Amino acid sequence: MSATLGDRFEAQAPVERSSSAAAPARLASLDGLRAVAVLLVIGYHAAPQWLPGGFVGVDVFFVLSGFLITALLLRELQRDGRVGLRAFWIRRLRRLAPALVSMVGVIAALTLVVGHETAAGLRRQAFGALTWTSNWVQIHEGWSYADEGLPPVLNHLWSLAIEEQFYLAWPLVFVVLMTLGGRRATRVASVVLVAVSAALFAIWYLTADPTRAYLGLDSHAFGLLLGAALALGRSPHLLRDEATTPARGSARLSAWGACGLVALGLYAAFVAWDSPVTYVGGLVAANVAAAAVVLAAANPTGLARALAVAPLRWLGERSYGLYLWHWPLIVIATRLTPAEHVQLAAWGAVLAAVLAAAASYRFLELPMRRDGIGRTFRRWTESLGTKGYRPRRSRAIATAACVTVLTALFAVWTAPEESRIASTLREGQRAVSASMENLDEAEVPAPPEPQPETEAKPAPETPGCEPVPPGEPVSAFGDSVTVAVAPQLMHRRPESAAVATVGWQYQDVARAIRDANAAGHVRRGVLIATGTNGAIDHADLDALVSRDLAGRQVTLVAPYVPGRSWSDQALATVRAVAEAHPHVHLADWNALAIARPDLTGADRVHPTGAGQGAFLDTVDHAFATC
């Protein structure tokens, strides 16, 4: 998010100098919309169980950014007959770089102070942040946008990267299209590009993975382009030189904008990031709703007046800094807090981010915008040589800044390439891949002998409990927890097979079990560890163990995912299903992990080191107990 968050759109100045008394209020409405957007994003990051679709706030910023930037370019072209590209890019740099560089420096220094593997991968993150390529770095590294384990502290800068890449390319495209075909052709071309980007969004999701679709400029530029098309359209708005909107038109725009705002609220409340709805039309429709809100906010409408209230305007003016600071502070705070208090820690981090954003806006962003980067630094340097209270304060601030810079550089230089958990999962995934060779060797229990047709068929017997002794190969299915313990599982039970992938939810695990069962690749002992990434379907799990896995000995692992909204449901489901069937055993990893916090890593979920052995001890005991 980005320029829109911190940008005070240059075209506002001419409007504010006009005789229209309503102009400043109309512009305040855009800040109010920024505030709404950043609140959605913060809600998603701090409490995803409340706002699973709050990520849509990013797309509100995208639409608003495309609209404002294109309106600026259009006004400049109409006024001067040309677009000053160099001046345009310098203004973008002046508005975005100081706050971004400051945040990256402070957060890098903090990772060295707080530890807890917050510095893992910091070099790549800092490179992506300072070159506005974070989205492509994350795609290349295979980082999942929805990773809740040990997310990178600068993971959120992907959206700023997309906007900056758009700001670099779109003015060039705009100038060429306006020169060759004029405004109408440029509008048509932008609409075509919206359709192309939306199609790529769905195609990448269907053929690759959600992260590639979500983070790519090619596939997630449709909101920016939709905003550009809106600015190039015929609809009147404050940032055009044409006459103001008639009263009837204002009422209609306000109604459409209110509908768009309600639609965005519903999306934020009910549509998850990894839902197919998001990628196959849902997020595109949300962008259209955002466009309706933007148009209403950029006109003298009732919705614009509602968005222009002072608290929203204040927050919107500082929304760029708030977006920059809230995510890394949430990551750091939740790493330092016991699992049962992570929610409180997240909201405490948000409050700290508000304070950091306010300070950044007053002491850094406004001076840089008003005077420029070079002049601001010269003024700061000159103040160090004078006498009095303020120079002493300036020297203290300069000393703290130098210490922060040196600490940040050292943190980046010494940062590990990956966390211990990431290393564990990488090794575990190799063990899982190697174990797949054992699938064909699985010993499938023989089917029951058919009864003579003349005899009445007896009721099927409920499978009983039979121990699966240590050392006997088993078939294991699960998510990243299974991946983590896979190497030790293969050592303890040679010739076992594991089918597991980081990020799998229950439905993925159940599908893998049924596919392996249909192919005859499930052994007598079956280990199922799921619930790390989402809720478990009680009815389906019951059917899975009673029908698909009838005749086998099944061990269900009680999941340990503290602080997650689905934790209680997943745990209750596993325990209820285990109690209902004699052939289903329960490995109570949850109880053990609660009693022994030292058995899990920094994310408090994945067993590392001694925890993997303790996890498998619990599994062995469950398999052997009847």
Side-chain angles (χ1 to χ4, degrees), residues 142 144 146 205-212 272 274-276 279-280 425 428-448 460 463 468 472-487 489-490 493-557 559 566 570 573-574 577-578 580-581 583-585 587 619 623:
S144 172
Y205 169 72
L206 295 171
T207 60
D209 65 87
T211 296
R212 172 60 184 89
D274 55 358
S275 167
Y279 298 90
V280 188
L425 294 179
Q429 202 68 64
R430 283 201 296 263
V432 167
S433 299
S435 77
M436 298 296 284
E437 299 176 0
N438 298 326
L439 281 175
D440 293 335
E441 302 173 7
E443 298 177 1
V444 183
V468 179
E472 180 177 325
V474 298
S475 297
F477 300 88
D479 46 42
S480 54
V481 172
T482 305
V483 172
V485 302
L489 174 65
M490 303 310 153
R493 296 178 179 268
E495 300 182 7
S496 292
V499 182
T501 299
V502 175
W504 263 9
Q505 299 206 22
Y506 168 74
Q507 58 267 27
D508 302 303
V509 176
R511 186 183 308 114
I513 293 172
R514 290 188 169 104
D515 289 345
N517 189 50
H521 292 162
V522 178
R523 296 185 182 277
R524 185 173 75 94
V526 180
L527 173 64
I528 302 176
T530 185
T532 303
N533 303 304
I536 299 175
D537 187 327
H538 189 141
D540 190 73
L541 179 60
D542 190 83
L544 182 70
V545 300
S546 61
R547 300 175 189 171
D548 299 270
L549 299 179
R552 294 175 174 81
Q553 298 300 308
V554 180
T555 288
L556 296 179
V557 176
W566 61 86
T573 296
V574 166
V577 171
H581 302 280
H583 71 296
V584 179
H585 314 248
V619 169
F623 266 129

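Nothing fancy with the numbering, it's 1 onward along the sequence. The structure displayed is predicted, hence computed values, not measured ones. Values below: every heavy atom of this structure, side chains too, minus hydrogens, waters and symmetry copies.
Across Val432 and Ala498, no two heavy atoms sit closer than the pair CG1-O, 3.3 Å. Annotation for Asp209 and Thr211: closest pair OD1-N, 2.9 Å, computed over non-hydrogen atoms. When all heavy atoms of Gly534 and Ala570 are compared, the pair lying nearest together is O-CB, 4.3 Å. Nearest heavy atoms, Ala512 versus Phe477: O-CE2, 3.9 Å. When all heavy atoms are compared, the tightest approach of Val522 to Ala516 is CG2-C, 3.7 Å. Taking every heavy atom of both residues into account, Pro210 and Tyr279 meet most closely at CB-OH, 3.4 Å.
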**OP:** Evaluate side chain to side chain contact (heavy atoms under 4.5 Å, CB included) for Arg493 paired with Phe623, printing each intermediate quantity in order.
**Re:** CA-CA 12 Å; Arg493 296 178 179 268; Phe623 266 129; 4.0 Å; yes
Subject >> Trace of the side chain to side chain contact (heavy atoms under 4.5 Å, CB included) decision for Ser546 with His581 >> reply: CA-CA 8 Å; Ser546 61; His581 302 280; 3.7 Å; yes
**OP:** Could you walk me through whether Leu544 and Val554 pass side chain to side chain contact (heavy atoms under 4.5 Å, CB included), step by step?
**Re:** CA-CA 10 Å; Leu544 182 70; Val554 180; over 6 Å; no
**OP:** Show the numbers, then the answer: is there a side chain to side chain contact (heavy atoms under 4.5 Å, CB included) between Leu527 and Val557?
**Re:** CA-CA 8 Å; Leu527 173 64; Val557 176; 3.6 Å; yes
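With sequence neighbours excluded, no residue forms a side-chain hydrogen bond (donor to acceptor under 3.5 Å, both in side chains) with Gln429. With sequence neighbours excluded, no residue satisfies side-chain hydrogen bond (donor to acceptor under 3.5 Å, both in side chains) with Thr530. Residues passing the salt bridge (Lys or Arg N to Asp or Glu O under 4.0 Å) test with Arg511 are Asp508, sequence neighbours excluded. Partners of Tyr205 under the side-chain hydrogen bond (donor to acceptor under 3.5 Å, both in side chains) rule, at least two apart in sequence or in another chain, do not exist in this structure. With sequence neighbours left out, Asp479 forms a side-chain hydrogen bond (donor to acceptor under 3.5 Å, both in side chains) with Thr532.
Side chain of Thr555 to backbone of Val619: no donor-acceptor contact under 3.5 angstrom is found. Using modelled atom types, no side-chain atom of Ser496 and backbone atom of Met490 make a donor-acceptor pair closer than 3.5 Å.
If you run side chain to side chain contact (heavy atoms under 4.5 Å, CB included) between Ile513 and each of Val499, Val545, Ile528, only Ile528 comes through. Between Gln553 and the options His583, Arg523, His585, a side-chain hydrogen bond (donor to acceptor under 3.5 Å, both in side chains) holds for only His585.
Contacts classified as salt bridge (Lys or Arg N to Asp or Glu O under 4.0 Å) and involving residues 530-545 (residues at least two apart or in different chains) are given here: Arg514-Asp540.
Between the CG atom in Asp548 and the CG atom in Leu541 there is a gap of 10.5 Å [rounded to 0.5 Å].
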